[in-house]
Amino acid sequence: MVNRLINRCDIMLFGALGDLAQRKLFPAFYQLERAGLLADDSRILALARQDIDTAAVRKQILEKLEHYVKPEEFDRTVAEAFLQRVEYQILDFHDEDSFNVLNRWRDEKNIESRKDGSTRNGNDLIVYMASPPAMYGVIARNLRSASCCNEKTRVVVEKPIGHDLESSRVINDELGEVYTESQLFRIDHYLGKETVQNLIALRFANNLFASQWDQNHISHVEITVAESVGIEGRWGYFDKAGQIRDMIQNHVLQLLCLIAMDPPSDLSADSIRDEKVKVLKALRAITPAMMESYVVRGQYTAGTSIGKPVPGYLEEEGANKRSTTETFVALKVEIDNWRWSGVPFYIRTGKRLPEKLSQIIIHFKPAPHYIFDPDQKHLANNKLIIRLQPDEGMSLKILTKDQGLHKGMRLRQGPLELTFSEAFEVERIPDAYERLLWEIMKGNQYLFVRRDEVEYAWSWVDQVIRNWTDGGDPPKRYAAGTWGPVASIAMITRDGRSWYEDA
Ligand code: BG6
């Protein structure tokens, strides 16, 4: 039944044999199939340079599905039905003439369906560029030369959109020559995560929080995006990017925007994106003089990760032993506007930290007049902990009286806990890519990043990178399996605060 409500789509997947497609996109499509969320006539044309045939590609995808989909969610019948939607076409992305084959694929399908007596006049076309960003421009131009797209075509691109502001403008200009902004779906997969979406519900559906969400009531905010993994064989890409480009410019700043933005007037893509842009424009620049107290960059050395010894960044396979690329960044961020004046956002993200954990902690100010045991004063502020992963949920730390006759009015801090999977008995929380693909098929842009967001984020990040390049200080060392360089603890302690897990 659901099927009838879903747009029928022809999806051209460029880079279909690459890591992203195999690890994330095909498993996400499979899950949509399993949930009955792919229209009967939707199909995928997998495009890459390798000279193999559809049968071999289907076999390869099946093996990856078996690997990446949890065993309890893997259903061979569904997987095989899904694979019938996939065809493979070898394609040289640089060769304009070879793009004509794409039209033939589209036309053949339409003719076939007309032979069936169906009245449909063509599926929506989605072009998914799961290829290196340097290829976006050439793919777009060749699609245009082959008259392969029309004004309804949706085009999906992945990060990184450039390496800095200037290179991101080049990519955005190239895409903009062929497509309008309303056709472009720039992915930041954090926006597809369940709890990230829930930030909007939490903030704008609960007046309780809406009325407390400013400098009058909040003392500071922490955002931690920690990973226990290292760079997982991606040295070539990662060493040129580093943690600030790989994680802060996109995922972490997006989280910060959702926490800090003003209420949008509705849920439309542009209302939300307009508010996010205002936050990005209000980020205070970090000057060279501020670097020491506002920025910490680190690089992991050998250590222990989840009980196993692991090499340092410079000892990873393929490493340049003299690399000064950072694998950890902590920043103190200030937002120059009425709502957030005087409220620092402490953000940190790193590889080879003790666990995979993404969380946001809102520290509320203490009550204006304190009447309890002076020894317990440090307890006296509420905290809202928003867990993005793992165990998606929220926890509000409130103060109550300790139970028992002899305890008097001793305070105790305890959680009001909401773990989504337990509270709502959800069978499974969909992966970010499932939601993003689903929104792309529906043509809804609100979870995708607009050009100006990308560019404001780059221009803020660029000035930090410029300062540390000019300053010439190498990153500080931290042992794998720890929470980053001690300087990141010093950064927050200097303000009389501590990272949540140290408190
Ligand atoms: C990607 C980064 O965008 O996000 C990776 O390039 C990082 O380096 C990944 O590991 C983290 O995503 P998630 O969803 O696992 O937190």
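Just follow the structure's listing: the first ligand is 1, and inside any ligand the first atom is 1.
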Any idea which of Arg245, Gln243, His189 brings a heavy atom closest to atom 4 (O) of ligand 1? His189

Less than 3.5 Å apart, any donor N or O on the side chain of Asn172 or Arg186 sitting next to an acceptor on the other? yes

If we number the atoms of ligand 1 from 1 as shown, the ones under 4.0 Å from a heavy atom of Glu227 are 7 (C), 10 (O), 11 (C)

Would you check if there is a donor-acceptor pair between the side chains of Gln254 and Glu453 at a distance under 3.5 Å? yes

What protein heavy atom is closest to atom 15 (O) of ligand 1, reported as residue, atom name and distance in Å? Lys356 NZ, 2.8 Å

Under 4.0 Å from a heavy atom of Asp246: give me the atoms of ligand 1 that qualify, with their elements. 2 (C), 5 (C), 6 (O), 8 (O)

Examine the side chains of Arg435 and Gln197 and answer whether a donor and an acceptor come within less than 3.5 Å of each other. yes

Given Lys24, Lys193, Gln389, which has its nearest heavy atom closest to atom 14 (O) of ligand 1? Lys193

Between Ser358 and ligand 1, does any nitrogen or oxygen pair lie at a separation below 3.5 Å? no

With a cut-off of 4.0 Å, which atoms of ligand 1 are near a heavy atom of Lys351? 5 (C), 7 (C), 8 (O), 10 (O)

Sidechain N-carboxylate O distance under 4.0 Å for Arg451, Asp173: yes

Between ligand 1 and Tyr190, can you find any atom pair, the residue atom being a heavy atom, that is separated by under 4.0 Å? yes

I need the nearest protein heavy-atom contact for atom 8 (O) of ligand 1: residue, atom name and distance, please. Arg234 NH2, 2.4 Å

If you measure from the Lys or Arg side-chain nitrogens to the Asp or Glu carboxylate oxygens, is any gap between Arg450 and Asp274 under 4.0 Å? yes

The single option from Phe93, Tyr128, Tyr136 that satisfies ring-ring contact (aromatic ring centres under 6.0 Å, His included) with Phe14 is Phe93

Polar-atom distance check: Tyr237 versus ligand 1, any N or O pair below 3.5 Å? no

Give a yes-or-no answer on whether the side chains of Tyr237 and Asp246 include a donor-acceptor pair shorter than 3.5 Å. yes

If the contact criterion is a heavy-atom separation under 4.0 Å, does Lys159 count as touching ligand 1? yes

Quick one: which ligand 1 atoms are inside 4.0 Å of a heavy atom on His251? 1 (C), 3 (O), 4 (O)

Say whether Gln243 and Thr349, considering side chains only, have a donor N or O and an acceptor N or O under 3.5 Å apart. yes

